[in-house]
**Q** 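Quick one: the structure is below, questions incoming.
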Amino acid sequence: MSEMFSVKKYLRDLKLPFCPGCGAFTVMNAFLRAVHELGYGNLEKFVFCSGIGCSSWIPSPYFLADSIHTLHGRSIPVATGVKLMRPDLNVVVFGGDGDIVGIGLSHFIHAARRNLDVLVIMVNNMVYGMTGGQVAPTTPFKAKTTTTPYGSFEHPLDAVKLAVAAGANYAVRWTTAHPNELKEAIKKALGLKGFRFIEAVSQCPTAFGRRVGFKTAGEMVKWFRENSITLEEAVRLSEEDLKTKIVVGEFVHRQRPTLIETIYAIVKEAQEGG
Amino acid sequence: MRFAKPGVYFWQGSEACAEAALVAGCRFFAGYPITPATDIAEHLAKRLPQVGGIAIQMEDEIASIGAVIGASWAGAKAMTTTSGPGFSLMQEGIGYAFMTETPCVIVDVQRVGPSTGQATKCAQGDVMQSRWGTHGDYSAIVLSPNSVQEMFNLTTRAFNLAEKYRTPVILLSDEVVVHMREKVVVPPVEKLEILNRRKPKPGEKAFFGHEEVPPMPSVGEGFNVAVTGSTHDEFGIRYTADPVVHRRLVERLNGKIQNHVDEIAEVEAYNIENCKIGVVAYGCSSRAVYDAVDEAEARGISVGYVRLKTIWPFPEKVVRGLAETAEKIIVPEMNLRQIFYEVARAVGGEAKVIPINKIGGGELITPEELLNKILEEV
């Protein structure tokens, strides 16, 4: 890239809302770097949809772009309407784990099943951060949160595996300890069609980290780095050993026909026949 | 065939609604099957692609209204159809559409409630929900057709009002009007008034204020529009700390509808200047009015009526006017008094307001029942 990267080019002149040490900064940076490296001088060709929660603030209203900050959990349906009427635009959904696989879980599965042409970036901080640290569908078993003061008695959900099972064309997981891999995954995903899902495991030092024993955000990122294991390495570990690991890498990359391709073929056929 | 050719048809209410939507410019439909609204969805699933539009069955009603909102911001006229339980699920999305000034049409084909109630039977129980279904202070535009012809006319009007006032509009229909088959006259497209949302000029930035109904850009047009259901300033930037910003926004959103009640609130009125007995009716139960009035007149009783084609905003002035001559006003409804109290409020004691209520089983209020009430009250 000839031009130097600067996030300012893509951002409104507003103060960002994230707590110090929040992983959302890393994800925002990775996304904008990816866009820059792909040669987009601005975000004109993008539409961002997000729901409610800290990571939904990554695009809206901070990106100097079209952004629709929707209701809690409903970013994917809104993105569906946008993409169906404007297939020429890159529709990107940002959300947290509560937004995407908590309240919005059904939309997530169905969008993957339909192979809707959107990129969903889920920032997984394993907790409901904005409301102060309640248990999430991704909270590790036995972790203490404000609504599970004795430790979570539920098993966490693996969103990437779910995306693969539901039919996504592309599904990866990285952490904020892998900013470069995250950026490269975003670049790759933006070049693909169909449902693309990126999970970014991220630290919430304010509402989660300090409760589970991390003194700083840095400690948590370090923990991510030390406990991440690639898909290739993971096959050698037992189910039990994997429970304390974050499996990272590309879980699927395939080319199923996408919703835009199939639905517009029908429109064309109906118009010719009608 | 692109649009229904001008002419006379023998249509179901559902067909009239779907065909009118196409003529009005609807190019996006998202919905979830529910009795008795499904026929409209099925008709649109076939017809929309023929005119280059998209119809999709979503995973639920929440997703349906979400997709409609997204499509509207992508520049399309968009609609969804549902019935009671689905309408309940959509309420959060309807509030979002109101707050973000997203034009869209929601057709609620009423059935018997509460809850799953009687899925295949007709009722008018969603009147208050159509007005106050979502949380917070908001104003609803709700239209009420009583015939298949009016399903056609009011569907196009619903789109026009949505575009003109940049707001969700509810077409509050019912099982009987949607399923019955009647004569419909389709005028030539050029004779129909079709309104489109006002688009911003290059360089404009205030899409949520300054003007009563601000211009609406679409995504992908280079306006960098920030849309949010949170309190926002005129540029769409979330601003939740300041009571003044919230008041200014929400008062304008309500004002743009409440300040135009005379333009929005449409009624059919008959003999309201001289009548002794008045009737205020709407939707399917208003179909009994015509015969009942004729019969009463044949017996020398002067009856006048106001039929609400727009329920909300409530056509208060006309109803109050009716009370200036009528001593008694009868309100037939297929619910346990939903518009009754609104009529009583509007007439402010000037006339005695008498309800006729019938619920369950989809039984309509018959002309005989209404006539008997009129005779009773003379």
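So that the names make sense, note that chain A is the first sequence line, chain B the second, and so on, each numbered from 1.
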**Q** Report, by ascending residue number, the residues of residues 19-27 of chain A in heavy-atom contact with chain B at a distance under 4.5 Å; give 'none' if the set is empty.
**A**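 No residue falls under the 4.5 Å cut-off.
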**Q** Take atom NZ of A:K161 as the centre, draw a 6.0 Å sphere, and report whether it contains more than 12 heavy atoms from other residues, nucleotides or ligands.
**A** no
**Q** Between B:V227 and A:S60, what is the shortest heavy-atom contact and its length?
**A** O-OG, 4.4 Å
**Q** Does any backbone or side-chain atom of A:L14 lie under 4.5 Å from a heavy atom of chain B? Answer side chain, backbone, both or neither.
**A**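 When you check distances to chain B, only side chain atoms of A:L14 fall under 4.5 Å.
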**Q** Taking all atoms of both residues into account, what is the closest heavy-atom pair of A:H107 and B:I62, and its distance?
**A** NE2-CG2, 4.2 Å
**Q** Could you tell me which portion of B:A63 (side chain, backbone, both or neither) has an atom closer than 4.5 angstrom to a non-hydrogen atom of chain A?
**A**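 When you check distances to chain A, atoms from both the backbone and side chain of B:A63 fall under 4.5 Å.
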**Q** Roughly how far apart are A:T80 OG1 and B:E59 CD, rounded to 0.5 Å?
**A** 7.0 Å
**Q** Identify which part of A:Y264 has an atom lying under 4.5 Å from any heavy atom of chain B, answering side chain, backbone, both or neither.
**A** side chain
**Q** Heavy-atom cut-off 4.5 Å, strictly under: side chain, backbone, both or neither for B:V68 against chain A?
**A** neither
**Q** Is the count of non-hydrogen atoms from other residues, nucleotides or ligands lying under 6.0 Å from A:K193 atom NZ greater than 12?
**A**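 No - once you tally the heavy atoms of other residues, nucleotides and ligands closer than 6.0 Å, there are 12 at most.
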**Q** With a strict 4.5 Å heavy-atom criterion, list every residue of residues 86-94 of chain B that contacts chain A, or say none.
**A**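 Hits under 4.5 Å: B:E92, B:G93.
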**Q** Which bit of A:H110 is near chain B, if near means a heavy-atom gap under 4.5 Å: side chain, backbone, both or neither?
**A**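 For A:H110, side-chain heavy atoms alone lie under 4.5 Å from chain B.
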**Q** Look up atom CD1 in B:I54 and atom CD1 in A:I266, then write down how far apart they are to the nearest 0.5 Å.
**A** 9.0 Å
**Q** Could you tell me which non-hydrogen atom of B:P49 sits nearest to which non-hydrogen atom of A:Q271, and how far apart they are?
**A**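 Between these two residues, the closest heavy atoms are O-CG, 3.2 Å.
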**Q** With chain A, which of B:A74, B:G229, B:G53, B:G220 has the greatest number of heavy-atom pairs at distances under 4.5 Å?
**A** B:G220
**Q** Below 4.5 Å from any heavy atom of chain A, which atoms of B:I56 appear? Answer side chain, backbone, both or neither.
**A**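 Looking at B:I56, just its side chain touches chain A.
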**Q** Taking everything shown except B:Y138 itself, do over 12 heavy atoms lie less than 6.0 Å from its OH?
**A**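 Yes - once you tally the heavy atoms of other residues, nucleotides and ligands closer than 6.0 Å, there are more than 12.
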**Q** Count the heavy atoms of every other residue, nucleotide or ligand shown that sit under 6.0 Å from CG of A:D13, and state whether that count exceeds 12.
**A** no
**Q** Counting heavy-atom pairs closer than 4.5 Å to chain B, which one of A:E44, A:R12, A:K83 comes out on top?
**A** A:R12
**Q** Using non-hydrogen atoms only, which part of A:L89 is less than 4.5 Å away from chain B: side chain, backbone, both, or neither?
**A**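 The side chain, not the backbone.
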**Q** Can you tell me if OH on B:Y239 sees more than 12 non-hydrogen neighbours from other groups inside 6.0 Å?
**A** no
**Q** Just verifying a value: how many Å separate A:M85 CE and B:S218 OG, rounded to the nearest 0.5 Å?
**A** 10.0 Å
**Q** Using only non-hydrogen atoms and a strict under-4.5 angstrom cutoff, which residues of residues 61-75 of chain A touch chain B?
**A** A:P61, A:L64, A:A65, A:D66, A:S67, A:I68, A:H69, A:T70, A:L71, A:R74
**Q** Which residues pass the ring pair (Phe, Tyr, Trp, His ring centres under 6.0 Å) test with B:H232, not counting sequence neighbours?
**A**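 Scan of B:H232 (ring pair (Phe, Tyr, Trp, His ring centres under 6.0 Å), adjacent residues dropped) gives B:F208.
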**Q** If you draw a 6.0 Å radius around CD in A:Q255, do more than 12 non-hydrogen atoms from other residues or ligands fall strictly inside?
**A** no
**Q** Around atom CG of B:D137, are there more than 12 heavy atoms from other residues, nucleotides or ligands closer than 6.0 Å?
**A** no
**Q** Among B:G52, B:A76, B:G75, B:G222, single out the residue with the greatest number of heavy-atom pairs under 4.5 Å to chain A.
**A**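 Heavy-atom pair counts peak at B:G52.
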